[in-house]
J.: 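Quick one: structure below, then a few questions.
Since the model is a prediction, treat every value here as computed from it, not as a measurement.
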Amino acid sequence: ETTEPEIVTLRVAVPTFPNSLDASVAAERNAQNVSWQLFDSLVWANEQNVIEPALAERWDVSEDGREYTFFLREGVDFHNGEPFNADAVVFSWERGIQPHIEWSDRWARAESVERVDEYTVRISTAEPDPLLLGVMAQHWNMVPPLYTQEVGDDGFGAAPVGTGPFQFVEWVREDRVVLERNDSYWREGLPLVDRVVFRPIPESSTRMAAIQTGEIDIVNRLSFEQADALERVNDVDVVTYPIDRVFYIAFNNLTTGIDQPTMDPRVRRAMNYAVDRQAIIDSLFGGRAQLSTGLMTSSNLGYDPSVEPFPFDPDRARELLAEAGYPDGFEIGFAAPAGAYTNFEQVAEAVQGYLAEVGIVTDLDIIESGRFWDLEAEKQLPPLFGDSWSERSGESLPRLRGALGGWDASFSAWSDPVIDDLLDRISVTIDQDERAALYRELHRYMQDDPPFIYLYVPETFEAVRSNVRDYIPRAAEDYFLMFTSLD
Amino acid sequence: MRIDALDRQDLRRAPQRLARIVLRDKAGLFGLILFVLIVFLALAAPALSPHDPLQQNLRSSRQPPAWHEAGSMEHPLGTDNLGRDMLSRILVGTRVSLTVGFFGVLIASSIGLVFGMTAGYMGGRTDSAIMAVTNLVLSVPYLLLVVVVASVLGRSLLNVILIFGFTNAPLFVRVTRGEVLRIRTSGYVESAISIGASRHHIITRHILPNLIGPILTVATFEMSGMIFYEAGLGFLGLSVPPSIPSWGNMLAAGRQYIQFSPWIATFPGLAIVVTSLSMNLLGDWLRDVLDPRQRRSS
Amino acid sequence: MMRRRKTQGHTPHPPRSEPILSVKDLSVRFNTVDGVVHAVNSISFDLYRGETLGVVGESGSGKSVSMLSLLRLIPEPPGEITSGSAILRSGDESVDLISLSWKQMNRVRGRRVGFVFQDPLSSLNPLISVGKQIREIIERHNIARGSAAKRRSVDLLKQVGISDADNRYHSYPHEFSGGMRQRVMIAIAIACNPELVIADEPTTALDVTIQAQIIDLLMKLKREMGISVIWISHDLGVVAGIADRVMVMYGGTAVETGTAETVYRHPRHPYTVGLLGAIPKLHQDNKRLVNIKGTPPSVYSALRQCPFAPRCPWSFDLCTQQRPPLFALDGNAVSDSRHTSACWYDLEHNTRRTEGAV
Amino acid sequence: MQRYLLSRVIQSIMLMFGVLILVFFLVRLTGDPARIMMPRDASPADIEAFRDAMGFNEPLPAQFFHFMTGALQGDFGRSLHYRAPAMRIVLERMPATIELSLAALVFALIVAIPLGVIGGSRPGTTWDTVCRAVGLVGQTVPNFWLALMMISLFSVTLGWFPTFGRGGFGSIVLPAVALGLFPLGKFTRLVRSAVLEVRNEDYVRTAYSKGLLDHRVYTHHIFLNVSVTLVSIVGVQFGYLLGGSIYIETIFAWPGVGRMINEAVQARDFPLVQALAFVSAAFIVLLNLLTDLAYVLIDPRIRYED
Amino acid sequence: MSAGDFVQVHGLKQYFPVQKGLLVNRTVGYVKAVDGVSFGIPRGETLGLVGESGCGKSTTARSMLRLHEPTEGSVRIGETDVTRLNYRDLRSFRSRMQMIFQDSYSSLNPRHTVEYIVAEPLLIRGERPGANLQNRVQEMLQLVGMNPDHMKRFPHEFSGGQRQRIGIARALVLNPELIVCDEPISALDVAIQAQVVNLLSRLQDELGLTYLFIAHDLSMVRHISHRIAVMYLGKIMEIASYDELFEQPLHPYTQSLMSAVPITDPAIEKSRARIILEGDLPSPVQPPTGCVFSSRCPFATDLCRNSEPKPRDVGTGHSVACHHIDDRVVGPRITASREQIVNGLKDAAHHGPDRSFTYEPTQSNSSARSSFS
Ligand SMILES: Nc1ncnc2c1ncn2[C@@H]1O[C@H](COP(=O)(O)OP(=O)(O)OP(=O)(O)O)[C@@H](O)[C@H]1O
Ligand SMILES: Nc1ncnc2c1ncn2[C@@H]1O[C@H](COP(=O)(O)OP(=O)(O)OP(=O)(O)O)[C@@H](O)[C@H]1O
Ligand SMILES: [Mg+2]
Ligand SMILES: [Mg+2]
């Protein structure tokens, strides 16, 4: 009975190389997935995006919605033995808002964080912020003040210490990150494996091969064809779910699109009718994506299921074009970023093909993504450009603001006073139902006067070895491995 | 061996000799035929293509080639992930590849010729300066250079041509300079000086014609290299825009299907291999035929 | 240094026992892309102990190929020995070089037959010190090993007249002048006390003053060591000075053989006559040189006629119909060896031959 | 000889200086890094602040001066993406790339030398045909395509080698083979043609005339001289290997600098690209220097004076 | 050299700098390839220039024709001082002085046809291509004994002797007065050498050409030259008319050269006296002090090693640069050796082939031929 228990190791492939293991500095989703295994925030969003207590056992919100009082869990220690308390929260926030921290704007949603007593903190915002708790859950990783100060930001990013289910063991840059079970984790009985090893594998074909050979237990970001093929492989299970990302072809009415036919809503509706999006989904994504009806995903607050997606109806498109005064179509510029999203160049090509069938000739320019976003921010892209937007906060407000905020938003090329007005109202309304109603109104408006050609909400494909249990990724492609076990 | 012994082998008429060299080197002949065929395919691509290479049909995407059970003669080499006809795309891709190779080499060799001749003929400080820059460019890893430049310029056919043209120029500078130095001290240039030839005459009548052989040989190899590297740029998403059916793009797009729809990556891969093979063989052969030094000892 | 070359000329020839090398009917060809090169067309000759055989002829006449092929030093392919035998005798044992296996041949080369080549720069490996190149052959044939081999190499360098041999042992060929390089080649050739040294135009690449040094050295060594020498040259003057017997080659055949005195004084083949006439004499005026018109024959066709016929003023029908055999010549006062000429025309008597071949 | 080497060292240092200048300007051409490094919804003011902080707002000469003074102390600034000193990141990953490149080089040489020697010594035979074919195939098959094929065959189907990563001998086999294929082709052709040439040299005939055995002629006379040619190209090929590692390291998830190159360029991580270019150029220059040294060692004819 | 000579070379020097340096090259010395050479050639005559390889023969030729810029000295051809011509005048003056090169392979551009090669000098002079030009080329080819039908062929399709003829035709097409022949026959076989030498003599007779004929083979030089200059390490050791030189070789170097030239007679070759020089030609960068030949001269004294002998005229245009030819101590030894060598050659003259054939079939022979067929 006293034999040494075998060390259970979970091996996870990540498609990019973490730049830092500090969740506040980790540049993108995959790096964050690695680092968040080490941390906790005050609150936690569960699989249904419901906010649950984490390092805070409970909290109160003031009447005006601008002040939160968190009551912290007692007896929690950081991995290095430092105690977790109000000072740690204040320290973490003060560090988080410094401009050199990648996600400082997320920390800065709070105007102040004050220690009330050892296990109580008060957090206030300038305006009522309906998204605050969600943001906290996703970005506020609690760090130990003494250790963090001692090793500095670089040192912390290289060897982080948190309160999370796993603790840091080693990071061989570009090769592996090794984490170990935190035996005194406050969530009783978790985590379920002894060790987690993250291996960066940038090439999806290689990730696919690695799961087949059993060198890896969990891989993500596969193409649907790869998922298809893996479904036929014993010992490998495919995991698929819609992600929180909307793809669209945007119009421009600020700069390059001025005086173009696309200023006319009928033309824009026509273009939505002209594209056989289901065919695109079927052929490029194996049918595994949802038609989008707006800039909201079905899991977002205020999503109106009664809004039907535009059907594929080229005749109707031609009619509308004729009505708008373009019976023979027109020519217009079109751009898409290169290599940024799965199959997106091909989607753009497909859209180009469909538009051509109703007479709209586009000059498709696939631009290297860095440059594409430069141009997008400078609003210098052609009047038609393809892009996507992901939002993890569970609501579509930031995405809507970002993509439709006119001159104020870096990646917007569209301005519509009706939309602006609705968005302004949503962003100060704390009451969920009221907000939902406003979202629905916006949703319908954007169907009549579409600022985009709506494309799809893709599913993502991941695969796990068959002996992996309870690997539950979320719509934002994030996951917590503390629940995951190996048979 | 003294000169006369060598001569006798050369006494036969040149055309026959040329024919013999062509026939002797079976591989070279094969390369030549292949190359002519490829050029023909490139020129005739629009006429030969059964379909519009850009015509997509998402409903019939990833059809296997005709000899497959599920394939049809409609698409002899199958279709790609957007249902475009592979055969037509490969054919048109030939054009793209040869365009990239041809104009890339044209630019590179023009630059190389101008600077290499200047360096070789002027000597002294001009030579040192040109060679310093050449060596500088050559000491940065080629692909790093290409990747940086490609991402600066963005994707377009012209840009790919320019990138290959400029990044390959140093090689031509070196070759040209070396040849000019050799030719400049050759007996026939001295002989030309002794009959009162002007510099201009020497350059146009003696140096340039004798440069053609080595440059052409290098050009053939470089052209094959460019076709090869275009595929590499395609892999990194830095080649011509995806709407242009280049082999690199096709190969890059097909790589995720390599296990289940292998033809999408295999055919462009084969096209690259066959084309660069033909050019390599041709290059070997040209080196034999065009290099008078080789001719003497062959 | 005022010197007289001694003993080479009028000393009596060594007793005519058996030749140490007899070549019979040797033919060599090269199968090239341009066609078959008939480089050597059934030549035969004998070489006696201690004798120097001079082989002369113009470029491409097959001098090198015939001698190199004896030890299979021509590239094969394209080269191919199509017929012939070459018996190398020493004491009682005799071997046919042509039928030796590659392995047996390797034991003959360097050990029993040494070589000196024309261009000493290209014939020495530029990357290996001259000492090592000498030592290599000594160790290969188990003459000596280790430091003994080195000592012997240094001695050899001294023997061929290289001063400061101890240090020069470590030099590389490019650090030597042409004459010194040729001395190194000679050291290699004699390193294993061979019976025979084949010198393929050893002085052609050298200046006259250096040529004189090298000839002097080789002949001295030959005398001291009792080596037989085959000396290939296109310079009739050089051969005149050193050869006991001479073989004149043209178009891959031996057109005339005999003692040096006979061949130079009583040439009986039109080619030899022309050749001697084409050389300006240092010791007498000859205002016009003999002009052998035309160019040497194509080597691509098999020999069915006299190779010299197209250029020969005496040629007649038979010359172009049938290859002349070697005719024995008589009536030469000086000759104590056979004088032969491969010509259908008897120059001496101004008559045509139809028979009388050897 | 010392004078010759000294002058080569000085030349190399000057070359590296030139590389620094080249690298600085080349990377400046790639556009504005501020935008791409900032969050998508960052305001223009934020971007401006970022530019200020990174020194991108200074006049170009000032930027250049800072760059050079830093670079000369090995400081290329902090990587924007990795948020760590760029030089440190590059140097950390360099050993993996060098390991892979060397393995590829060794693989290429181990196959190419015997093959080239056999092919070159028996022109026209089946061996020669094999040799020529290998030479051509090596130079025409895109290495990333081969890499993917090899993974699917040797790792997935046969399970002989790990699919990715660095660790143990097994893990380097596939990447080294894929990366080494191109130089393998080059070397094979080179060795073959060099052997073809050298075996007709007079000194080889001399070697045979001494009665030396074939293997000694080949090892001591032919190969020694072939190696002079080979040495000259090995250095050049190393530059290619660094480039080829962009693909191979990406596919095999090899933790070296190769796969970082593409990322760094796309992310416009200026300091990182500069450090990468500098380090790899330094490597190539160093290798060329070593090549020259090898020349001097092998070939006594090198004129040290000029 | 006399004032009436058509070609007058005076004090010609050609130094090539030897450079060294880490970054910037500095000149650390000079190759004194030609070091103060003077001679004259009367119109229509041939001066033979002999010497060992590397002694500066080609360099003399090149500097004379200003294919190198001479370091010092003057070269007069007719009335013109070639060293003072500017670039333009020099180019047009080149038609009067031509060169025939040693290596007929590399001196003819492999990419040009024979027609172009021969016509090129005319084209450069500004003549238009056309029938006239073609005729002239044909004429030239016939003059040098080549088949004009071969005009469209390339150099590599000819034998060495034929290529040398092409080179001669190219040199002659401009009607030059002086032709410098830099070892035009060294690479050829004896039979072919005779063809070319006969051709050159014929052309001299027909066209009144003046030759500077370079060779390292004394016997060939003797055959073609009126006067002979012997060169050693950049300097002229001895100049004399050909019979004078062969009767009275005064300079020890000339003597050794003569004794080293092989003679196609076994009786002479095997018995005659000779001087075998020790060692090699010294480096022209650091020539021996005093007399340049002193390091190899069997008669050298301290005087030779310390002071340089000036050329001295010993009458009838015979000039020698040697301290000792008529002094009392060494002089007799030199004379003795000279006599041995000259007599050794003369001895042989008695032998001669037993019968000299006119290298032509006899009358009876040609009739025999017809009867035979
Ligand atoms: N490797 C070879 N391949 C083809 N032909 C060859 C080869 N070696 C020699 N020959 C030919 O064989 C013939 C005889 O050549 P060989 O070298 O014996 O002449 P040689 O009398 O020695 O002339 P040289 O005076 O130039 O040395 C020539 O026609 C030559 O072209
Ligand atoms: N361009 C040059 N630069 C430096 N040195 C030179 C140059 N040309 C000739 N020399 C040197 O000048 C000396 C004389 O050379 P030159 O060619 O005149 O000799 P040569 O008598 O013609 O010899 P050969 O008989 O070999 O043709 C040699 O030592 C040579 O190395
Ligand atoms: Mg020979
Ligand atoms: Mg010369």
Side-chain angles (χ1 to χ4, degrees), chain A residues 13 16-20 22 25 27-28 99-106 153-154 157-158 172-176 199-203 205-216 233 338-340 368-371 373-378 389 398-399 401-403 405 408-412, chain D residues 30-44 46-47 49-50 53 78-85 88-89 92-93 96 144 147-148 151-152 154-159 161-167 247 249-257 259-260 262-263 265-269:
Chain A
T16 57
F17 322 114
N19 60 327
S20 165
D22 177 355
V25 174
E28 42 75 59
H100 70 271
I101 295 291
E102 175 86 23
W103 302 102
S104 57
D105 60 320
R106 308 299 158 99
D153 284 335
D154 286 352
V172 182
R173 282 180 196 265
E174 312 279 296
D175 189 48
R176 66 183 64 223
R199 305 291 306 269
I201 308 180
E203 172 69 26
S205 316
T206 313
R207 287 199 295 279
M208 169 172 171
I211 189 102
Q212 279 175 278
T213 60
E215 287 160 85
I216 290 290
V233 176
E368 183 273 313
S369 56
R371 185 165 164 68
W373 283 311
D374 273 358
L375 291 171
E376 192 173 352
E378 286 157 17
W389 203 298
R399 174 161 55 212
R401 268 264 190 254
D408 295 339
S410 283
F411 292 88
S412 154
Chain D
T30 58
D32 182 358
R35 181 95 55 196
I36 202 152
M37 293 311 299
M38 294 297 282
R40 295 192 64 173
D41 36 9
S43 67
D46 291 344
I47 291 175
F50 177 78
R78 290 171 66 82
S79 155
L80 306 182
H81 178 70
Y82 288 91
R83 289 168 191 261
R88 200 187 76 203
I89 294 174
E92 260 173 23
R93 278 127 182 104
F144 54 87
L148 292 170
I151 288 182
S152 104
F154 294 111
S155 301
V156 178
T157 310
L158 297 172
F161 299 104
T163 315
F164 71 99
R166 176 190 185 206
Y247 308 110
E249 290 188 2
T250 303
I251 290 173
F252 288 99
W254 190 266
V257 292
R259 65 184 196 186
M260 230 160 63
N262 195 30
E263 267 194 7
V265 171
Q266 302 247 340
R268 283 154 204 204
D269 193 341

J.: Mind listing the closest non-hydrogen atom pair of R173(A) and P255(D) along with its distance?
T.: O-CB, 3.9 Å

J.: Please check if the side chain of R259(D) supplies one atom and the backbone of P202(A) the other of a donor-acceptor pair under 3.5 Å.
T.: no

J.: So which atom in D154(A) and which in P85(D) form the shortest heavy-atom distance, rounded to 0.1 Å?
T.: OD2-CD, 4.5 Å

J.: Does T206(A) have any side-chain contact (heavy atoms from CB on, under 4.5 Å) partners at least two apart in sequence or in another chain, and if so, which?
T.: I201(A), E203(A), I151(D), T163(D), F164(D), I251(D)

J.: Side chain, backbone, both or neither: which part of S20(A) has an atom under 4.5 Å from a heavy atom of chain D?
T.: neither

J.: Looking at G159(D), G165(D), P162(D), which has the largest count of heavy-atom pairs under 4.5 Å with chain A?
T.: P162(D)

J.: If you count heavy-atom pairs under 4.5 Å between each of R93(D), M260(D), R78(D), E92(D) and chain A, which one has the most?
T.: R93(D)

J.: Answer with side chain, backbone, both or neither: which region of T250(D) has an atom nearer than 4.5 Å to a non-hydrogen atom of chain A?
T.: both

J.: I'd like to check the salt bridge (charged side-chain N to carboxylate O under 4.0 Å, His left out) partners of R166(D); sequence neighbours left out, ordered by chain and number.
T.: E99(D)

J.: Shorter than 4.5 Å, heavy atoms on both sides: which option in P200(A), G405(A), G214(A), A158(A) has the most such pairs with chain D?
T.: P200(A)

